[in-house]
Structures are given as structure tokens and as C-alpha cells.
Amino acid sequence: MSLETLLIPALFDHHWPLLRWAFETPKRRAVILEEGNGIEELGLRHLHNDLCYPFVLIAGQVLAALRSGKYDLAHTSILISQAADACRGSCLIRLLRPVLNREGFAQVQLLSLNTRGLEHNCALPVSLTMARRALAAVFWGDALMLLSHQVRPYEAQAGDVNRLVQRWTQTLSDDLQAGRNLLPKGILQRCREIAADFQAVPIMQRPVQKVAVVGELYTKYCHLGNWDLEAYLEGLSCEVGVNGLTWYALYYMDTHLKESPLPVRLGGKALIAWALRFQRKFVEALQGAGFTVLPLYPKLKAMARPSGCALGCGWLLSAEAAAWVQAGYRKVLSAMPFGCLPGHVYARGIYAQLQRELPDGLIVGVDYDASTREGTVQNRIRMLVDS
């Protein structure tokens with residue numbers, strides 16, 4: 001029997017190398033797509049340019065992969081993320097299916113985790129093994145992201161942090177593949193070991209600005225969506241702050257449960273209660289090693305502005321911006337894809353209020369889109385960094 005291949009478009013730079021193991025089975029291998037050259041143009045040739053920018057990039061990346069000849073298309077499927085709210089990415093499967101059919105890829109199945117019941121025939125079954133691996137991978141990915149951001153700008157020997165990330169990614173991948181350290185005690189022990197290793201990296205004190213990044217998932221976590229924003233900021237002598245993915249997972253479960261069936265709501269509340277206890281121990285492990293971590297989810301939620309909007313990044317954007325300013329990251333960059341309707345309606349409307357309530361902070365928004373050029377985006381970023 002041929003091994004099935006699950007292609008996963010880029011989204012979480014720091015998490016997918018570990019999260020991919022949640023989707024591996026004896027009969028299926030998971031491949032994270034990395035191609036970035038030409039995917040914008042390819043996506044635009046097949047989709048209306050009024051669609052959101054992440055949608056264009058994902059479509060282009062999927063088409064590039066299927067055209068590459070690397071995969072047996074009869075045994076290949078694509079994993080698509082769906083928020084299932086006002087985000088237009090929730091329609092990605094429905095809009096991408098005709099494109100693949102026209103291009104001769106009708107045999108390639110589009111799958112999703114189907115958390116809200118969309119496209120029932122495209123649901124990827126979730127097993128206990130998948131859930132356990134995903135839980136460990138998300139917390140470990142958060143640890144590697146948060147700590148590498150806080151140490152890399154000060155490393156005495158260039159490349160030390162990247163090598164440490166690579167070593168830990170391999171170690172943790174081995175754990176995930178073998179099913180080791182996936183119970184809460186083992187996950188937290190690994191987090192403590194990671195923190196100790198980053199704490200031991202030789203550093204030199206340098207004049208560095210602290211800049212936080214908030215915004216929509218793709219432009220916040222993916223280098224394709226934000227045009228290598230982290231590297232660009234670090235090249236300007238900045239320490240970058242990006243909040244962990246576990247906070248977004250709690251935000252999503254918390255704000256979308258009320259629309260779910262009763263059994264799902266009850267199970268979700270129990271899962272949230274457990275995750276909050278686990279998050280507390282995770283935060284304590286990193287703070288105990290001297291690293292900055294944003295407040296636990298309940299406290300972060302209390303910092304949100306009163307509109308209560310939970311579409312897209314919703315109130316999480318304002319809460320993270322306020323928390324980062326209080327944590328000493330005075331400058332906040334809000335990275336959004338142009339055409340993200342809930343993001344623009346809510347995020348744009350909250351900037352002025354945030355600025356009034358955070359007089360010590362400075363908030364600048366930047367849009368990423370196929371119609372925008374790199375110089376325009378970098379000028380906006382420099383306006384924040386140089387002020």
C-alpha cells in the first residue's frame with residue numbers, strides 16, 4: 001500500500017516543524033510546504049484579487065507543490081486551516097476546490113480539522129495520539145519561539161541561538177515521533193530544560209529596542225505572510241515579542257464555544273479549565289528562568305477593550321498590545337493582511353482608543369497585500385522603530 005502524503009501550507013514558522021508530527025501515522029507522512037518563490041503571482045492568476053492575502057499565498061503554495069512533480073497525486077491530500085467565523089479563510093476549501101479541479105488535480109483531497117462543522121466530507125479525524133502530540137508540540141513551539149526571540153539579539157556568537165533551536169527541534173521531534181514525554185509532567189520538564197539551555201547561551205549587552213508584533217495569524221506567525229518581519233526587525237537591532245500560540249488556542253475555544261452544541265460546550269469548558277492550569281505551570285517555568293511571558297489567559301482577557309468582538313484576531317489584538325506595553329515592549333506593530341474584513345473593522349477602530357489608554361506605548365499598523373510593495377511596508381515599520 002502506498003504511503004499517503006499530507007501537504008500542510010505554511011502558517012506557523014516556529015510550531016509546524018513540531019506540530020507536523022501530530023498528523024503523522026504509519027500510513028501517512030506530513031510535509032510542511034516551504035516554497036515561497038512565485039506563489040503570490042500563481043495565487044493571483046487563479047483567484048480574485050479582492051480575497052485576503054493569506055488566501056492568495058496558500059492557494060499559490062498549494063498549486064506550486066502539486067505542479068512540482070514531487071508527490072504521487074493519487075495519494076496526496078492538503079490540510080487547510082479554517083477558523084469558521086467571519087474570516088474569509090473559512091471559505092478556502094470551497095473556493096480552492098474548483099481551482100484544483102480546473103488545473104487537473106481533482107484527485108487531491110482537501111481536508112480540515114473541521115472544528116465548527118464546515119465541509120463535513122473534508123473532516124480529518126482527530127485521534128487521541130494526534131491530540132497528545134499536538135498539545136506537546138504547541139507548548140514546546142511556544143517555548144522555542146519566546147526564548148529565541150529574547151536571546152538572539154544579545155548572543156555573543158552569531159548563530160548560537162539558531163543552532164540551539166535546531167538541536168531542540170530535532171530532540172523534540174524524536175520525542176513526538178516516539179511518543180515520549182507527552183504527559184504533562186514530561187512536557188513541562190522539557191520546557192524547563194529548554195529554558196535552562198537558552199539561559200546558558202553566552203550573551204553581550206547591546207542597545208536593543210523591544211518591539212512587539214500583534215495581528216492576524218498568518219501575518220503574525222508566518223514569514224511568507226509578513227515578508228520575513230522577524231528577521232527584518234532583528235536586523236534593525238530589535239528584540240521581537242510575539243505571543244504564544246497557546247493563548248490564541250484558548251481565545252478561540254473560549255470565544256467560539258457558545259455557538260457549539262451542548263456536549264461540545266461542556267467538553268470544551270473542561271478542556272479550557274485543564275489547559276489554564278497547564279498554562280500557569282508553563283508560564284512559571286519560563287518566568288522562573290528569567291524570561292518575559294505575557295499574563296495568563298484570564299488576565300490577558302481582562303485587558304481587552306470592551307467591544308467583545310471575537311472574529312479573526314478580535315479583542316485578542318488589543319489585549320496583547322496592552323500586555324506587551326506593560327511588559328516593557330513600548331512599541332507595538334499590528335501586522336494585518338489588507339482585505340481582512342473583521343481585522344480591519346475591529347483592529348483599525350481600536351488603535352486610537354489603545355493609544356489614548358497606553359500613553360507610554362506607540363502603536364503602528366502595517367498592511368500586507370499583493371498590491372503593496374516592500375518599500376511601503378518597510379517605511380511604516382521604520383516609522384515605528386525610528387520614532
Look up atom CG in Leu245 and atom CG in Leu19, then write down how far apart they are to the nearest 0.5 Å.
7.0 Å
Are any side-chain N or O atoms of Lys331 and backbone N or O atoms of Leu362, one a donor and one an acceptor, separated by less than 3.5 Å?
no
Keeping Arg330 on the side-chain end and Lys210 on the backbone end, is there a donor-acceptor pair under 3.5 Å?
no
Are the side chain of Gln279 and the backbone N or O of Val283 linked by a donor-acceptor pair below 3.5 Å?
no
So that I know where these two stand, are Phe278 and Phe139 an aromatic pair - ring centroids less than 6.0 Å apart?
yes
Working for side chain to side chain contact (heavy atoms under 4.5 Å, CB included), residues Tyr53 and Glu40:
CA-CA 9 Å; Tyr53 189 51; Glu40 179 183 286; 2.6 Å; yes
What pair of heavy atoms forms the shortest contact from Trp140 to Cys191, and how long is it?
CD1-SG, 3.7 Å
What I want to check is whether the side chains of His15 and Asp142 have a donor and an acceptor closer together than 3.5 Å.
yes
If I compare all heavy atoms of Pro337 with all of Glu216, which pair ends up nearest, and what's the gap?
CD-CB, 3.5 Å
Can you tell me if Glu230 and His149 form a side-chain donor-acceptor pair at under 3.5 Å?
yes
So which of Thr372, Val366, Leu333 actually passes side-chain contact (heavy atoms from CB on, under 4.5 Å) with Arg380?
Val366
Mark yes or no for whether Glu155, through its side chain, and Asp160, through its backbone, hold a donor-acceptor pair below 3.5 Å.
yes
For Val56 against Leu51, the heavy-atom pair lying closest together:
CG2-O, 4.3 Å
Beyond-backbone contact of Leu100 with Val62, side-chain heavy atoms, under 4.5 angstrom:
yes
Say whether, by atom type as modelled, one donor and one acceptor occur between the side chain of Glu4 and the main chain of Ser77 under 3.5 angstrom.
no
Are any side-chain N or O atoms of Asp254 and backbone N or O atoms of Leu250, one a donor and one an acceptor, separated by less than 3.5 Å?
no
Trace of the salt bridge (Lys or Arg N to Asp or Glu O under 4.0 Å) decision for Glu193 with Arg167
CA-CA 13 Å; Glu193 293 168 359; Arg167 178 166 65 81; over 6 Å; no
Any donor and acceptor pair, going by atom type alone, linking the side chain of Arg280 with main-chain N or O of Leu296 inside 3.5 Å?
no
Under 3.5 Å, is there a donor-acceptor pair between the side chain of Asn181 and the main chain of Gly186?
no
Between Ala156 and Met204 the two heavy atoms that sit nearest each other are CB-CG, 3.8 Å
Charged N to carboxylate O under 4.0 angstrom, Glu239 versus Arg152?
no
Answer yes or no: is there a side-chain heavy-atom contact under 4.5 Å between Leu66 and Glu103?
no
ring-ring contact (aromatic ring centres under 6.0 Å, His included) between Tyr221 and Phe12: does it pass, once the steps are laid out?
CA-CA 5 Å; Tyr221 289 114; Phe12 306 117; 5.8 Å; yes
Contact between Phe198 and Val165 at the side-chain level, heavy atoms closer than 4.5 Å - yes or no?
yes
Is there a side-chain contact between Leu124 and Ser112 in this structure, where contact means two heavy atoms from C-beta onward sitting under 4.5 Å apart?
no
Between Trp227 and Tyr368, is the gap from one ring center to the other below 6.0 Å?
yes
So OH of Tyr251 and CD of Glu320: to nearest 0.5 Å the spacing works out to 10.0 Å
Flag, side chain of Glu24 to backbone of Ala30, donor-acceptor distance under 3.5 Å
yes
Would you name the heavy atoms of Pro26 and Leu3 that are closest together and state the gap between them?
O-CD1, 3.5 Å
Going from CD1 on Ile187 to CZ on Arg192, what distance comes out if it is rounded to the nearest 0.5 angstrom?
11.5 Å
Under a plain distance cut-off of 3.5 Å, with no hydrogens placed, do Asp13 and His223 share a side-chain donor-acceptor pair?
yes
Roughly how far, to the nearest 0.5 Å, is NZ of Lys269 from CD1 of Ile272?
8.5 Å
When you check the side-chain N and O atoms of Asp174 and Gln170, is any donor under 3.5 Å from an acceptor?
yes
Output the distance between atom CG (Leu164) and atom CG (Leu147), rounded to the nearest 0.5 Å.
9.0 Å
Is there a side-chain contact between Met303 and Pro295, using heavy atoms and a 4.5 Å cut-off?
yes
Any Lys/Arg nitrogen of Glu284 or Lys281 sitting under 4.0 Å from an Asp/Glu carboxylate oxygen of the other?
no
Would you say Gln355 has more than 12 foreign heavy atoms packed within less than 6.0 Å of its CD?
yes
Do side-chain atoms of Gln61 reach the backbone of Ala10 as a donor and acceptor pair under 3.5 angstrom?
yes
With the side chain counted from C-beta on, respond yes when Thr255 and Trp315 share a heavy-atom pair under 4.5 Å apart, and no when they do not.
yes
Distance in Å, Tyr218 OH paired with Leu224 CG, rounded so as to fall on 0.5 Å steps:
4.5 Å
Is the closest side-chain heavy-atom distance between Leu42 and Arg67 below 4.5 Å?
yes
In short, Ala212 meets Trp324 closest at the heavy-atom pair CB-CG, 3.3 Å
Just so I know, are the side chains of Trp21 and Leu172 near enough to count as touching, which here means a heavy-atom distance under 4.5 Å?
no
